[in-house]
Student: 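Sending over a structure as structure tokens; questions will come in a sec.
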Amino acid sequence: METSRPVVVKRIPERMNQTEARKFLRDVEPLINSDRPQIVFDLSLVRQLDVAGIEVLLQCMSQVMKRDGDLKLASLSDHAAIILELTRTDRLFEIYETSTDAARSFSMFLPNMLRRQHQNRFAA
Amino acid sequence: MKSVKAILVLENNSALSGVTGPVPTVLVEVLGKSTLQRTIDALITAGADEVVVLSDSDSASPEMRDLSVSSAKIVKGATENLWRTAETIFTNCAETATHVFLLRINAYMELNWDAIVQHHDKYSNRITRVLYGEDGQRLDVFLASASRRNEVAFLLRSGLRQLRTECMPYKVGQNNEDEYINLLEHEFDLRRLATDALHLTCNLRPNGIEVRPGIWAGAGSHIERNARLVAPVYVGRRARICANAVITRGSAVEHHCIIGSGTVVENATVLPFTKLGPGLEVCHSIMGQRHIFNLQRNLSTPIQDARLVDQVSTNVGKRILDSTAALVSFMPRQIVNSLFGTPPKSATASPINYAESFKTPDKQPELTAGLAVATRRYGNQ
């Protein structure tokens with residue numbers, strides 16, 4: 001299934017503490033409030049992710065879902081991956097190796113995407 | 001009649017990553033006792049008359065500067081004079097002993113000390129070196145005859161690296177002895193030591209009482225009724241496991257730790273004075289000093305948010321003050337909550353406010369006519 005709607009890739013800042021998280025939420029609000037948003041958050045730069053940052057990610061996820069959109073995470077830094085695992089929030093998001101993979105995943109069915117990932121892994 | 005003494009040299013070059021801070025690995029408590037203390041106890045049990053610990057007084061680690069051990073004498077020496085101080089200690093020990101063990105304490109060792117002495121006498125060695133493994137890895141453990149002062153001086157001046165005369169070495173396990181070595185070079189080794197002890201692979205026993213088969217609890221530990229402990233696990237002295245927490249798969253919660261409600265600790269070690277927030281999942285990790293070391297990723301990262309991981313004060317007075325303040329403020333807080341109708345914050349709640357994150361907005365977005373609503377799957381699992 002092809003889609004013509006744009007996929008927005010947004011890079012998350014290095015520090016996602018209380019102040020930065022609030023600022024980030026203000027930045028992404030227009031994206032989230034669009035019709036059926038397709039958003040990828042790139043977490044490759046993240047060096048500090050605290051509870052406020054995770055809450056913002058969940059808020060974004062919640063808002064996007066309410067608008068029948070989708071939010072995916074990509075390129076998790078080691079710190080971000082560990083914190084998401086620690087807080088058990090990793091299982092709430094679809095997580096991809098790269099932003100490109102995440103963006104591409106919007107244009108195909110989930111089973112196809114999984115099949116493709118499996119093939120890639122097998123080929124590697 | 002044989003008289004054996006031991007000199008343990010504690011250098012400050014064996015600290016691990018952020019989880020242990022500047023503390024040398026041998027001073028990190030594993031199942032309630034440090035490796036240094038366990039080595040001293042083993043030597044005393046094996047019949048050593050005196051154990052002297054020589055520590056580096058210029059160390060950056062406060063634990064090393066204020067070192068305290070039982071059943072051993074502590075001597076402090078400056079970094080540049082450490083080996084010369086060791087030489088002086090050896091001279092003093094040699095006056096009343098027949099054999100002196102010289103150890104650079106940087107690994108956990110379960111050795112048959114008697115067998116080493118017998119080996120030394122059997123081959124009439126001047127100094128016996130202990131080797132480990134098939135490739136003969138050196139262990140920095142030596143047994144010297146007290147009369148061989150020049151040989152020992154040569155050895156000590158080389159920093160326990162070189163022998164003047166090579167003698168027949170003692171190989172760990174050569175007589176099918178039940179011996180165990182953990183080099184404590186990496187966080188994996190620290191974790192492996194705890195699991196090996198809990199799975200009875202070595203002779204290290206947790207410092208506490210076995211309250212149920214495979215569940216060890218230190219003195220004054222507090223395990224709440226709803227907490228779930230799956231053997232084998234260890235809970236250190238004065239540690240607190242809150243309600244609905246799960247400790248499983250050979251996990252070790254060291255002394256004065258607090259495990260928040262609903263937190264799962266699986267195949268992990270929580271180092272002393274660490275407080276884990278509620279609702280977390282700590283798997284295949286070592287936690288301590290506001291750091292997490294993930295064993296699967298082989299990576300250490302700091303955690304800045306105190307709601308997730310915090311440090312309990314090492315000062316007894318401060319801990320008492322904190323708990324008193326919490327107790328005193330409890331009643332007024334309850335009264336204020338009941339007066340203004342604000343719901344008290346549940347102690348079991350996760351630090352992440354899921355309710356706030358997923359709350360329904362006042363204004364619902366308008367749905368496009370004819371929109372097909374499909375059931376979707378979330379997450380990777």
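What's counted below: heavy atoms across the whole structure, side chains too, no hydrogens, waters or symmetry copies. A quick note: this is a predicted structure, and the numbers were derived from the prediction, not measured. Chain A is the first sequence line, chain B the second, and so forth, proteins listed ahead of strands; every chain is numbered from 1.
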Student: Within 45 degrees of the ring normal and closer than 6.0 Å to the centroid, is that where the cationic atom of A:Lys72 sits relative to A:Phe106?
Tutor: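 Ring-cation test returns yes.
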Student: Any side-chain donor paired with an acceptor under 3.5 Å for A:His79 and B:Thr301?
Tutor: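 Result is yes, a qualifying pair exists.
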Student: Select, from B:Leu299, B:Val309, B:Ile303, the one with the greatest count of heavy-atom pairs under 4.5 Å involving chain A.
Tutor: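 So the answer, after comparing B:Leu299, B:Val309, B:Ile303, is B:Leu299.
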Student: Do NZ/NE/NH1/NH2 and the carboxylate oxygens of B:Arg319 and B:Asp322 come within less than 4.0 Å?
Tutor: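 Answer for the salt bridge query: no.
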Student: Taking every non-hydrogen pair under 4.5 Å, which of A:Leu73, A:Asp50, A:Val51, A:Asp78 racks up the most with chain B?
Tutor: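 Top option by heavy-atom pairs under 4.5 Å: A:Val51.
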Student: More than 12 heavy atoms of other residues, nucleotides or ligands under 6.0 Å from CZ of B:Phe188: yes or no?
Tutor: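 More than 12 within 6.0 Å, yes.
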Student: With a 4.5 angstrom heavy-atom cut-off, which part of B:Ser300 approaches chain A: side chain, backbone, both or neither?
Tutor: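 For B:Ser300, neither part sits under 4.5 Å from chain A.
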Student: Quick test of your reading: applying side-chain hydrogen bond (donor to acceptor under 3.5 Å, both in side chains), list the pairs with at least one residue in residues 229-243 of chain B, sequence neighbours left out, ordered by first then second residue.
Tutor: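 Residue pairs with at least one partner in residues 229-243 of chain B: B:Glu224-B:Arg240.
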Student: Pick one of side chain, backbone, both or neither for B:Glu281, based on which atoms fall under 4.5 Å of a heavy atom in chain A.
Tutor: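 The answer is both parts of B:Glu281.
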Student: Looking at chain B, which one of A:Ile83, A:Leu86, A:Leu57 has the largest number of heavy-atom pairs inside 4.5 Å, strictly under?
Tutor: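 The residue among A:Ile83, A:Leu86, A:Leu57 with the greatest pair count is A:Leu86.
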